[in-house]
Amino acid sequence: MSDSADGDMEIYDLKVTVDRIEGRSVCGMAVGDHFELTDSAHLRLPEGQHFCVYALASVLPFLAAKQRDLAPGDWLAQDSHFICPDPEERLVMRVERTCRRTMNSADLT
């Protein structure tokens, strides 16, 4: 995959971080736990960490959109917090863009 200026699309790398836990942590995660989504589709966890599959499932549908430029009025362009579906835990995740990269779409399909 290319990170050069000759690509035909621009995409953001993302970092998803546990911002806060408003209930009780039943999945073993803590504030600050995170994963990164890089190079369009590479999910990276820090060595020795895990990320709850249910928390991941709740944020996953939004990541492809957050990787791209959005219209200024789009709610997803303004919102960066997502909540795990476990009502006892109330784990809140923050999605942030970490860098913008130019890629070749032909490398991805």
Legend entry - side-chain contact (heavy atoms from CB on, under 4.5 Å) evaluation trace for Val92 with Glu22: CA-CA 8 Å; Val92 180; Glu22 298 174 343; 4.2 Å; yes
Inset, instruction - Would you give the length of the straight line joining atom CG of Leu37 to atom CG of Leu43, rounded to the nearest 0.5 angstrom? - result: 6.5 Å
Inset, instruction - Indicate, with yes or no, if Leu60 and Ile83 share a hydrophobic cluster defined by side-chain heavy-atom contacts under 4.5 Å among Ile, Leu, Val, Met, Phe, Trp and Tyr. - result: no
Inset, instruction - Decide yes or no for Val95 and Leu63: does some side-chain heavy atom of the first lie under 4.5 Å from some side-chain heavy atom of the second? - result: yes
Legend entry - Nearest non-hydrogen partners of Ile21 and Met29, listed with the distance: CD1-O, 3.5 Å
Inset, instruction - Could you tell me whether the side chain of Val59 reaches within less than 4.5 Å of the side chain of Phe35, counting heavy atoms only? - result: yes
Inset, instruction - Kindly compute the distance separating CE (Met9) from CD1 (Ile11), expressed to the nearest 0.5 Å. - result: 4.0 Å
Legend entry - Close side-chain approach of Thr17 to Met93, heavy-atom, < 4.5 Å: no
Inset, instruction - Step by step, work out the side-chain contact (heavy atoms from CB on, under 4.5 Å) result for Phe51 and Val18. - result: CA-CA 9 Å; Phe51 206 90; Val18 176; 4.2 Å; yes
Legend entry - Presence of salt bridge, Glu88 and Arg24, under 4.0 angstrom: yes
Legend entry - For the student: nearest non-hydrogen atoms of Cys27 and Leu91, plus distance: SG-CD1, 4.3 Å
Inset, instruction - Identify the heavy atoms of Cys84 and Glu89 that sit nearest to each other, and give their distance. - result: SG-OE1, 4.3 Å
Legend entry - Ion pair check, Asp79 and Lys66, cut-off under 4.0 Å: no
Legend entry - Test side-chain contact (heavy atoms from CB on, under 4.5 Å) applied to Leu14 and Gln67, step by step: CA-CA 7 Å; Leu14 304 175; Gln67 288 178 307; 3.7 Å; yes
Legend entry - Residue pair Gly28 / Ser25: nearest heavy atoms and the distance that separates them: N-OG, 3.5 Å
Inset, instruction - Give a yes or no answer on whether the side chain of His50 reaches the backbone of Leu45 with a donor-acceptor pair at less than 3.5 Å. - result: no
Inset, instruction - Answer whether the closest heavy-atom distance between the side chains of Tyr12 and Asp69 falls below 4.5 Å. - result: yes
Inset, instruction - Using a strict 4.0 Å threshold on nitrogen-to-oxygen distance, state whether Arg101 and Asp13 make a salt bridge. - result: yes
Inset, instruction - Say whether, by atom type as modelled, one donor and one acceptor occur between the side chain of Arg90 and the main chain of Pro87 under 3.5 angstrom. - result: yes
Inset, instruction - Please check if Leu76 and Leu56 belong to a single hydrophobic cluster, counting links between Ile, Leu, Val, Met, Phe, Trp and Tyr side chain heavy atoms closer than 4.5 Å. - result: yes
Inset, instruction - Kindly indicate whether the side chain of Pro46, heavy atoms from C-beta on, has any atom under 4.5 Å from the side chain of His34. - result: yes
Legend entry - Glu36/Lys15 salt bridge by N-O under 4.0 Å criterion: no
